[in-house]
2 protein chains.
Amino acid sequence: MGKQETEMLKGTLEGIVLALLSGRSAHGYEITAWLRERGFPDIAEGTVYALLIRVEQRGLVDVDKVPSDKGPPRKVYSLNDGGRAHLEEFWRTWSFLQERIEQLREGDS
Amino acid sequence: MGKQETEMLKGTLEGIVLALLSGRSAHGYEITAWLRERGFPDIAEGTVYALLIRVEQRGLVDVDKVPSDKGPPRKVYSLNDGGRAHLEEFWRTWSFLQERIEQLREGDS
DNA sequence: ACCGGTACATAGTAACGCTGAATAGTCCCC
DNA sequence: GGGGACTATTCAGCGTTACTATGTACCGGT
């Protein structure tokens with residue numbers, strides 16, 4: 001992955017994953033696959049798992065451990081109220097940054 | 001500054017500053033003031049100077065040391081060809097990320 | 001018994017922005 | 001002429017994040 005993209009993902013990847021989970025619950029492997037399909041083909045597995053553990057410890061998601069018919073048991077994550085609040089905050093921050101940068105792009109002064 | 005914003009700035013602040021410099025040359029203190037006026041009131045001075053040193057070492061900007069009538073000599077930065085190329089790459093990466101996230105925001109699947 | 005695919009975990013590294021402080025020069029007012 | 005305000009740069013140390021690389025575990029097919 002380009003270094004620039006890597007750095008830009010910092011702070012946004014978490015929002016991306018939370019936004020995903022706001023649609024439906026999912027487990028780590030599934031999330032990784034999803035990301036790889038939609039524009040982030042080089043996302044490392046380790047990155048996603050680390051992120052999930054982080055948001056779990058912060059209480060933004062609930063975890064349900066369900067046995068799988070192929071492989072070790074899955075940890076299914078779902079967004080809870082704290083996570084939804086955090087996601088809203090993410091959208092606000094993102095919109096703010098986006099506006100600032102869009103202004104920069106157009107009218108240079 | 002909110003932690004979320006801090007993290008989101010990683011990777012974008014550099015682009016923001018390069019975009020600034022594409023309009024006109026400037027020195028560190030001036031850039032900091034400019035940022036504070038336009039939506040980033042809490043930017044730390046140290047952050048800007050560190051960033052400038054970084055882009056200088058990467059050869060993205062040219063530096064001109066000019067004496068000031070008030071205070072120590074200024075280091076005036078201007079974007080060079082390498083910097084312009086890097087800036088274009090920044091815009092590409094940014095647009096890419098923006099599209100992905102915008103899709104996420106609307107059609108949740 | 002082996003291998004590939006599924007699923008999760010972790011240690012170590014590098015990059016980035018922030019905090020807080022130090023240093024230095026100029027100007028102005030008391 | 002001493003102290004404060006403003007201009008201007010630099011640096012050490014910190015926390016957070018994503019990546020790399022590796023390891024563990026479970027299953028099915030051959």
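Convention: sequence-line order gives letters A, B, ...; per-chain numbering from 1.
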Chemist: If you look at every strand shown and take non-hydrogen atoms under 4.0 Å, does B:G28 touch a base, only sugar-phosphate, or nothing?
Modeler: sugar-phosphate
Chemist: List the atom pairs, donor and acceptor, that lie under 3.5 Å between side-chain atoms in residues 64-71 of chain A and the rest of the protein, sequence neighbours left out.
Modeler:
from, atom 1, to, atom 2, distance (Å)
A:S68, OG, A:K70, N, 3.0
A:S68, OG, A:K70, O, 3.0

Chemist: Quick one: A:Q4 CD to C:dA15 C1', roughly how many Å, whole number?
Modeler: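 Answer to the nearest Å: 13 Å.
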Chemist: Any side-chain to backbone donor/acceptor pair from B:Y49 onto B:Y29? Under 3.5 Å, distance only.
Modeler: yes
Chemist: Does C:dC8 have its OP1 or OP2 closer than 4.0 Å to a side-chain nitrogen or oxygen of A:Y49?
Modeler: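 So the side-chain polar atoms of A:Y49 do come within 4.0 Å of the phosphate oxygens OP1 or OP2 of C:dC8, strictly under.
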Chemist: Identify whether the distance between the nearest side-chain nitrogen and carboxylate oxygen of A:E56 and A:K75 falls below 4.0 Å.
Modeler: yes
Chemist: Anything under 3.5 Å between a donor and an acceptor, one on a side chain of residues 4-14 of chain B, the other on a protein residue two or more places apart or in another chain? List them.
Modeler:
from, atom 1, to, atom 2, distance (Å)
B:T6, OG1, B:G2, O, 3.2
B:T12, OG1, B:M8, O, 3.1
B:T12, OG1, B:L9, O, 3.0
B:E14, OE1, B:R58, NH1, 3.1
B:E14, OE2, B:R58, NH1, 3.1
B:E14, OE2, B:H86, NE2, 2.9

Chemist: Please state whether the base of C:dC16 and the side chain of B:E7 form at least one donor-acceptor pair under 3.5 Å?
Modeler: no
Chemist: With a 3.5 Å cut-off and no angle check, do the side chains of B:Q98 and B:W94 form a donor-acceptor pair?
Modeler: yes
Chemist: Rounded to the Å, how far apart are B:I16 CD1 and C:dC16 P?
Modeler: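 Rounding to the nearest Å, CD1 of B:I16 and P of C:dC16 are 14 Å apart.
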Chemist: Are A:S95 and A:R100 close enough that a side-chain donor and a side-chain acceptor fall under 3.5 Å?
Modeler: no
Chemist: Taking any heavy-atom pair under 4.0 Å as a contact, classify B:L13: base, sugar-phosphate, or nothing.
Modeler: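 Contact class for B:L13: sugar-phosphate only.
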Chemist: Within the side chain of B:D62, is there an N or O that forms a donor-acceptor pair under 3.5 Å with the backbone of B:L79?
Modeler: no
Chemist: What integer distance in Å separates A:R36:CZ from D:dA18:C1'?
Modeler: 14 Å
Chemist: Please report, rounded to the nearest Å, how far the P atom of C:dG17 is from the CD atom of B:E14.
Modeler: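 For the pair B:E14 CD and C:dG17 P, the rounded distance is 7 Å.
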Chemist: Give the rounded distance in Å between these two atoms: CE of B:M8 and C1' of D:dA18.
Modeler: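 Those two atoms, CE and C1', are 15 Å apart.
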Chemist: Select one nucleotide: of C:dA9, C:dC16, C:dA7, the one nearest the side-chain heavy atoms of B:R58.
Modeler: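 Among the listed nucleotides, the one closest to the side chain of B:R58 is C:dC16.
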Chemist: Look at the side chain of A:I53 and decide which nucleotide, out of D:dT16, D:dC19, C:dA9, has an atom nearest to it.
Modeler: C:dA9
Chemist: Just to be sure I understand the rule, does B:E30 reach a base, reach only the sugar-phosphate, or reach nothing, if contact means heavy atoms closer than 4.0 Å?
Modeler: nothing
Chemist: What are the residues of residues 66-86 of chain B, sorted by number, that bring a heavy atom to within less than 4.0 Å of DNA chain D?
Modeler: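 The answer is B:S68, B:K70, B:G71, B:P72, B:P73, B:R74, B:K75.
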Chemist: Look at the side chain of B:T47 and decide which nucleotide, out of C:dT19, C:dC8, D:dT16, has an atom nearest to it.
Modeler: C:dT19
Chemist: Just to be sure I understand the rule, does B:T6 reach a base, reach only the sugar-phosphate, or reach nothing, if contact means heavy atoms closer than 4.0 Å?
Modeler: sugar-phosphate
Chemist: Measure NZ/A:K3 against P/C:dT13 and give the value in whole Å, please.
Modeler: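 Spelled out: NZ on A:K3 to P on C:dT13 is 19 Å.
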Chemist: Within this structure, what is the CZ-to-P distance between A:F40 and D:dT17, rounded to whole angstrom?
Modeler: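 Value for this atom pair: 17 Å.
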Chemist: Rounded to the nearest Å, what distance is computed from the CD1 atom of residue B:I43 to the P atom of nucleotide C:dC16?
Modeler: 14 Å
Chemist: Could you tell me whether the phosphate oxygens of D:dT16, OP1 or OP2, come under 4.0 Å of any side-chain nitrogen or oxygen in A:R54?
Modeler: no
Chemist: Give the cluster check for A:I53 versus A:I31: same hydrophobic cluster or not, with ILVMFWY residues linked at side-chain heavy-atom distances below 4.5 Å.
Modeler: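 Looking at the clustering, A:I31 is in a separate group from A:I53.
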